[in-house]
Amino acid sequence: AFYILIFPLSFRLTCYYYRLSYYRAFFWDPPACAVSEPRPRRKYTGEMRFPFILQNLHRFSFYAAAVFVVILSWDTIVSLFHSDGFHLGVGTIVLGINAVLIGLYTFSCHAWRHLMGGGTDCYSCEVMGKTRFGIWKQITYLNERHSWYAWLSLFSVALADAYVWLLSAGVITDFRFF
Ligand code: FES
């Protein structure tokens, strides 16, 4: 829980999509397009000063979030193997859906898109430029749906955590398909 708090939470808090939502909803910064802000600013520093300069950690928290996708995928695979053999239960499906949605959320990130396709003005002038352009286009497809993945993965994480907690507390037992 402690690691989750540091890494995936910092990834979500600094996410460009969530920033857009909470800057508008809570700071009225701005409330909406063409709607002026509630009070005139003395000095606008954007994300250049503390605390909002910490938003720039997003690209670094991406690396940690990518590791968590591997951990969640591994958890899903491990959940198939039990002391009495190989079984598929509801728990594996819940963990699997969560791993996929977290993966889609992570790899549709703007920082990942920039990492794979940014920093160049000419793909055809680069070594492997065509391949890079192809990867960038695939990531762009995911990136256009980033807000969906942000919400869906938020709910799937809560559902997976609740399901595992109920199982481990003995409140429910996992239904097995085979
Ligand atoms: Fe949302 Fe990076 S922009 S996770």
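Any value given below was found using the heavy atoms of this structure, including those in side chains, with hydrogens, waters and symmetry copies removed. Since the structure is predicted, the reported quantities are computational estimates derived from the model, not experimental observations. When a ligand or atom number is given, it counts from 1 through the structure's own listing order.
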### With atom 1 (Fe) of ligand 1 as the apex, the NE2/SG angle for His146 and Cys15 - to 10°
110°
### Query
Closer than 4.0 angstrom: is that true for some heavy atom of Tyr105 and an atom of ligand 1?
yes
### Query
Is there an N/O/S atom in His110 that lies less than 2.8 Å from atom 2 (Fe) of ligand 1?
no
### Query
Where does Phe11 meet ligand 1, judged by heavy-atom distances below 4.0 Å: at the side chain, the backbone, both, or neither?
side chain
### Task
Using a 4.0 Å heavy-atom cut-off, say whether His58 meets ligand 1 through its side chain, its backbone, both or neither.
side chain
## Note on the structure
Between the CG atom in Asp174 and the CG atom in Leu88, the distance rounded to the nearest 0.5 Å is 9.0 Å
### Task
Would you mind telling me which of Phe68, Tyr105, Trp112, Tyr16 makes a ring-ring contact (aromatic ring centres under 6.0 Å, His included) with Phe11?
Tyr105
### Check: Ala150 main-chain N/O paired with Tyr18 side-chain donor or acceptor under 3.5 Å
yes
### Query
Under 4.0 Å from any heavy atom of Cys109, which atoms of ligand 1 are there?
2 (Fe), 3 (S), 4 (S)
### Task
Treating Ile, Leu, Val, Met, Phe, Trp and Tyr as nodes and any side-chain heavy-atom pair under 4.5 angstrom as an edge, say whether Val70 and Leu101 lie in one connected cluster.
no
### Query
Between Arg24 and Phe27, is NZ or CZ placed under 6.0 angstrom from the six-membered ring centre and within 45° of the ring axis?
no
